Amino acid sequence: MRMLALAVSGRGVVDPAQPAVFADDEGFLRGRAAFETTRVYGGVPFRLDEHLERFAKSAARLNLPPLDRDLFRRLTSDALAAAGEPECFVRLYMTPGREGEGEPVELVLVQALPPDLEDMRASGIRLVSMPLSQEPSLLGGVKSTSYALNMLAVDEAKRRGADDALFVGPQGTVLEGSTTNIWWRLGDVLYTPALELGILEGVTRGALIELAAGLGHAVEVGVYPLAAVAEADEVFTSSAVREVMPVVEVDRAEIGNGSPGPVARALQQELRRCASSS
Ligand SMILES: Cc1ncc(COP(=O)(O)O)c(C=O)c1O
């Protein structure tokens with residue numbers, strides 16, 4: 001994904017082709033850094049305050065200094081102005097800075113949307129379940145840069161001919177995707193795993209819980225076995241960049257009739273409508 005602009009604390013907008021962090025930054029050395037990813041619609045980041053709220057919690061859980069929300073708001077608007085692209089996404093990062101110095105580094109990257117998203121939405125994606133060997137750890141629910149496991153899970157899913165991974169806990173409990181929350185529908189009811197399982201509290205998940213009610217769907221949040229997903233009428237994932245992404249196959253078995261479901265489509269439309277009116 002192409003970087004369109006970059007803004008850095010203490011420096012403002014900088015050349016994205018030049019390095020912006022030192023080799024001894026703890027974010028790089030140890031993978032200790034908090035981040036957020038937010039979709040930008042018509043030049044406006046979607047639910048930025050909610051992302052900043054989650055960002056502040058992640059930073060606190062990683063023992064980083066308190067998050068400066070106003071600084072991130074400024075860096076975000078400066079970077080977006082420099083990028084000049086109204087449909088894109090931003091990534092916000094806070095690292096502890098150089099080892100031993102304790103001077104945090106804040107960065108905002110503006111990136112182009114992946115070009116294949118709408119094709120994926122039209123065809124639906126395939127997931128493979130992947131067991132997590134541990135219960136959610138100290139990092140459960142924290143959006144930290146320690147995402148090597150998530151990225152390896154995507155590689156492994158692709159190696160097995162699918163598009164993404166679906167994490168399953170030690171008791172066979174369905175958790176979340178590598179970078180998404182998981183949803184499914186049986187009849188009129190939508191289901192998604194509970195936050196107590198240590199999954200990330202997706203901002204898109206929160207928006208869909210609100211929007212589903214408007215479409216007349218009850219949402220049940222709980223603890224479910226993987227079989228519940230396999231037996232669903234339709235399945236989809238939610239995340240800032242991919243929005244509502246239909247799932248047509250889990251572990252090589254078709255979901256429903258094997259094509260994207262109607263509620264995923266309706267929620268995607270509602271999400272866009274909500275984003276363009278906010
Ligand atoms: C592990 C994980 N779960 C869920 C999500 C979805 O969160 P959001 O809707 O805020 O993008 C993400 C997004 O990055 C994620 O990394």
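Please read these numbers as outputs of a predicted model, since none were measured by experiment.
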Item checked: Derivation and outcome, salt bridge (Lys or Arg N to Asp or Glu O under 4.0 Å), residues D70 and R73 -> CA-CA 5 Å; D70 286 339; R73 280 197 192 90; 3.0 Å; yes
Check: [Y] and [X] side chains under 4.5 Å, non-hydrogen atoms:
X: V21; Y: F28; value: no
X: V241; Y: P114; value: yes
X: T237; Y: D164; value: no

Are more than 12 heavy atoms from other residues, nucleotides or ligands located less than 6.0 Å from atom [atom1] of [X]?
X: R272; atom1: CZ; value: yes
X: E201; atom1: CD; value: no
X: D188; atom1: CG; value: no
X: R30; atom1: CZ; value: no

Can you tell me how far the [atom1] atom of [X] sits from the [atom2] atom of [Y], to the nearest 0.5 Å?
X: R2; Y: C88; atom1: CZ; atom2: SG; value: 10.5 Å
X: R121; Y: E243; atom1: CZ; atom2: CD; value: 5.0 Å
X: L195; Y: R205; atom1: CG; atom2: CZ; value: 4.0 Å
X: F22; Y: E101; atom1: CZ; atom2: CD; value: 8.0 Å
X: E231; Y: I255; atom1: CD; atom2: CD1; value: 9.5 Å
X: I182; Y: I199; atom1: CD1; atom2: CD1; value: 10.5 Å

To check you understand the geometry: which heavy-atom pair defines the closest contact between [X] and [Y], and what is its length?
X: S129; Y: V168; answer: CB-CG2, 3.8 Å
X: G27; Y: A33; answer: CA-CB, 4.1 Å
X: G43; Y: L80; answer: O-CD1, 3.8 Å
X: G84; Y: P86; answer: O-CD, 3.8 Å
X: L67; Y: A56; answer: CD2-N, 3.8 Å
X: V248; Y: S259; answer: CG1-C, 3.6 Å

Notebook entry, point to check: Should E85 and V40 be marked as a side chain to side chain contact (heavy atoms under 4.5 Å, CB included) after you check the CA-CA gap, both sets of side-chain angles, and the distance that decides it?
Noted result: CA-CA 9 Å; E85 172 53 68; V40 175; over 6 Å; no
hydrophobic_cluster_shared for [Y] and [X], side chain cutoff 4.5 Å:
X: V203; Y: L48; answer: no
X: M3; Y: M94; answer: no
X: V90; Y: V13; answer: no
X: L64; Y: F72; answer: yes
X: L226; Y: V235; answer: yes

Next item on the list: Output, in order, the C-alpha distance, side-chain angles, deciding distance and verdict of side chain to side chain contact (heavy atoms under 4.5 Å, CB included) for L71 and E106.
Entry: CA-CA 9 Å; L71 169 66; E106 290 96 349; 3.6 Å; yes
Next item on the list: With side chain to side chain contact (heavy atoms under 4.5 Å, CB included) as the test, would you mind laying out the steps for L29 and E99 before giving the verdict?
Entry: CA-CA 8 Å; L29 292 179; E99 204 170 45; 3.7 Å; yes
Looking at [Y], is its backbone amide N or carbonyl O close enough to the side chain of [X] to form a donor-acceptor pair, meaning the two atoms are under 3.5 Å apart?
X: R47; Y: D49; answer: no
X: D233; Y: G187; answer: yes
X: E234; Y: A264; answer: yes
X: R91; Y: Q111; answer: no
X: R126; Y: A157; answer: no
X: R32; Y: L62; answer: yes
X: S238; Y: T204; answer: no

Notebook entry, point to check: Remaining members of L215's ILVMFWY cluster at a side-chain heavy-atom cut-off under 4.5 Å?
Noted result: Y41, F46, W183, L190, L208, I209, L211, V219, V221, F236, V244, V263, L267, L271
Would you tabulate the side-chain donor-acceptor contacts of residues 146-154 under 3.5 Å, counting partners in other chains and residues two or more places apart, or write 'none'?
unit_1	atom_1	unit_2	atom_2	d
S146	OG	G31	O	2.7
N150	ND2	S178	O	2.8

Notebook entry, point to check: So, E36 and R54, do they make that salt bridge, N to O below 4.0 Å?
Noted result: yes
Margin query: What I want to find out is whether D163 reaches R242 closely enough, with some N-O distance under 4.0 Å, to be called a salt bridge.
Written below: no
Check: Hey, what's the ring geometry for W184 with Y224, parallel, tilted or perpendicular (30° and 60° as the breaks)?
Finding: perpendicular
Next item on the list: Might you work through the side chain to side chain contact (heavy atoms under 4.5 Å, CB included) test for R160 and M130, ending with a clear yes or no?
Entry: CA-CA 11 Å; R160 295 197 214 161; M130 253 171 243; 4.2 Å; yes
